> 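Below you will find the structure I want to go over with you.
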Amino acid sequence: MGARILVAGSAVLDFVYSVEEMPMRPEKYAAEAVDIVGGGCAANAAVAIARLGGKSQLFARFGKDEVSEIVLGDILSEGVDTSTCVISDGGRSAMSSVYVDKSGERQIMAFRGSGLAVDPGLTELRADAVLTDTRWPEAARQVLEMAQALGIPAVLDGEAPVPLELAAVASHVVFSEQGLMDFTGISDVAQAYAALDLPGWCAVTLGAAGVMHPDGVLPGFEVDVKDTLGAGDVWHGAFTLMLAEGAPEIDAMRFAHAAAALKCTGFGGRKAAPSRTQTEEFLKERMPCN
């Protein structure tokens with residue numbers, strides 16, 4: 001049986017367009033390809049965990065609409081437990097338009113929903129670890145505090161804005177560069193990281209350059225990038241799964257690097273999230289002595 005991970009936060013429907021270059025002017029553009037996929041930090045991470053052999057449960061909020069039906073149906077098909085998701089009558093679910101250029105970089109226009117639940121109302125936590133983003137702060141705080149009380153890994157995906165009240169109760173905070181600079185008010189990443197004063201273990205993702213962590217920088221893996229959409233979410237899911245399985249942070253980061261790198265080699269956001277076998281084989285090829 002795989003480790004159990006509760007993932008709290010955002011779940012959206014993404015319309016992903018492949019373009020030659022990013023739109024810059026108010027005019028019509030032609031996309032080379034389009035894909036409609038589920039997205040959102042929490043949902044992407046939950047799917048990644050399921051594909052990597054974990055038992056993931058999504059704690060997200062939706063409106064009672066066609067978008068929620070599509071997103072929840074897709075997540076269920078991946079083997080993710082959605083029994084804790086909250087659906088609000090009269091609410092509108094989140095969705096995004098995403099442009100991915102020929103280098104694999106992306107631009108996102110996001111609608112984060114309206115009329116959605118505020119009070120999380122989670123009554124019980126049965127998990128070996130939790131992961132949350134910052135998009136539903138009330139749920140994030142409840143989940144992190146419950147995990148803290150149980151003494152299990154509680155990982156915060158530090159996308160801006162990152163409330164101090166969330167960062168202070170997480171056992172692990174993994175910031176994006178923007179999230180770190182927003183949190184500290186310091187524009188230099190190294191200086192901002194050095195200025196952190198949080199009780200938990202902290203790191204900052206640096207894209208293809210890897211991750212800055214308490215013992216230095218762990219470089220990422222070089223791959224032929226086709227699409228970076230969802231790579232960070234896959235990273236967080238893989239990292240949390242490894243912590244839940246008892247791995248030390250350095251091994252969890254290395255595994256997360258591999259999973260995120262493989263995701264970047266395919267187009268369509270989380271559709272390219274890898275399996276456990278693919279990730280472990282990739283690591284063996286890239287690190288044959290380990």
Side-chain angles (χ1 to χ4, degrees), residues 1-7 41 45-46 48-56 125-133 143-144 146-158 162 166-177 179-180 189-190 193-194 196-222 231-263 273-290:
M1 180 184 294
R4 299 169 300 175
I5 316 294
L6 179 76
V7 188
C41 299
I49 290 166
R51 291 192 181 184
L52 291 167
K55 297 187 69 176
S56 58
L125 176 62
R126 293 184 178 181
D128 298 304
V130 301
L131 167 63
T132 181
D133 60 36
V143 167
L144 292 171
M146 293 173 79
Q148 185 183 59
L150 291 172
I152 61 176
V155 183
L156 176 64
D157 178 352
V162 182
L166 297 185
V169 292
S171 66
H172 296 73
V173 184
V174 184
F175 292 93
S176 66
E177 292 182 70
L180 176 66
V189 173
Y193 182 73
L196 286 173
D197 184 21
L198 292 170
W201 182 94
C202 296
V204 54
T205 55
L206 307 171
V211 171
M212 186 178 295
H213 61 97
D215 297 318
V217 174
L218 182 67
F221 295 109
E222 292 187 8
D233 307 328
V234 170
W235 193 100
H236 284 88
F239 177 76
T240 305
L241 177 60
M242 288 297 100
L243 293 182
E245 292 183 2
E249 284 86 358
I250 188 67
D251 292 339
M253 287 189 291
R254 191 173 289 114
F255 183 85
H257 278 358
L262 283 169
K263 188 252 92 59
S275 68
R276 182 68 169 250
T277 299
Q278 289 173 317
T279 305
E280 290 178 344
E281 289 181 350
F282 179 90
L283 279 171
K284 287 178 182 178
E285 292 173 359
R286 296 300 181 100
M287 305 188 68
C289 294
N290 283 10

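Only a predicted model underlies this, so the values are computations on that prediction, with no experimental measurement involved.
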> Just verifying a value: how many Å separate Leu131 CG and His236 NE2, rounded to the nearest 0.5 Å?
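The CG atom of Leu131 sits 7.0 Å away from the NE2 atom of His236.
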> Does any part of the side chain of Asp128, heavy atoms only, come nearer than 4.5 Å to the side chain of Leu243, both counted from C-beta?
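Counting from C-beta outward, Leu243 and Asp128 never come under 4.5 Å.
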> Within the 4.5 Å heavy-atom criterion, are Val7 and Thr132 side-chain neighbours or not?
no
> For a side chain to side chain contact (heavy atoms under 4.5 Å, CB included) check, start with the C-alpha distance between Glu249 and Met242, then their side-chain angles and the critical distance, and finish with the verdict.
CA-CA 8 Å; Glu249 284 86 358; Met242 288 297 100; over 6 Å; no
> So do Trp201 and Val173 actually touch side chain to side chain, heavy atoms under 4.5 Å?
no
> Would you compute the distance between atom CZ of Arg51 and atom NZ of Lys263 and round it to the nearest 0.5 angstrom?
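One finds 10.0 Å between CZ of Arg51 and NZ of Lys263.
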> Between Ile49 and Gly237, which heavy-atom pair has the shortest distance, and what is it?
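It is CG1-O, 3.4 Å.
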> Mind listing the side-chain donor-acceptor pairs of residues 202-220 below 3.5 Å, one per line with the distance, residues two or more places apart or on another chain?
residue, atom, partner, partner atom, Å
Thr205, OG1, Phe175, O, 3.3
His213, ND1, Asp215, N, 3.2

> Compare all side-chain heavy atoms of Leu180 with those of Leu196 and state whether any distance is below 4.5 angstrom.
yes
> Side chains of Ile5 and Lys55, heavy atoms from C-beta outward: is any pair under 4.5 Å?
no
> Side chains of Met287 and Arg254: does their closest heavy-atom pair fall under 4.5 Å?
yes
> Keeping the roles fixed (side chain from Gln278, backbone from Ser275), state whether a donor-acceptor pair exists under 3.5 Å.
yes
> Rounded at 0.5 Å granularity, tell me how far CG in Asp157 sits from SG in Cys41.
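Here the rounded value is 5.0 Å.
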> Can you tell me how far CD of Glu281 sits from CG of Leu262, rounded to the nearest 0.5 angstrom?
10.0 Å
> Find the distance between CG (Leu166) and CG (Leu198) and round it off to the nearest 0.5 Å.
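Reported to 0.5 Å precision, the distance equals 11.0 Å.
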> Rounded to the nearest 0.5 Å, how far apart are CZ of Arg4 and CD1 of Ile152?
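Taking CZ in Arg4 and CD1 in Ile152, the distance rounds to 8.5 Å.
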> Minimum heavy-atom separation for Ala147 and Pro153, please, with both atom names.
CB-O, 4.4 Å
> Report yes or no: does Ser171 contribute a side-chain atom to a donor-acceptor pair with the main-chain N or O of Ala154 at less than 3.5 Å?
yes
> Looking only at heavy atoms, which two atoms of Leu241 and Ala3 are closest? And how far apart?
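Looking at all heavy atoms of both residues, the shortest contact is CD1-CB, 4.0 Å.
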> Below 4.0 angstrom, N of the basic side chain to O of the carboxylate: do Arg276 and Glu280 qualify?
yes
> Are Val174 and Leu156 close enough that some pair of their side-chain heavy atoms sits under 4.5 Å apart?
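Not touching, per the 4.5 Å side-chain cut-off.
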> If you define the side chain from C-beta out and look only at heavy atoms, does anything of Phe255 sit under 4.5 Å from Leu52?
yes
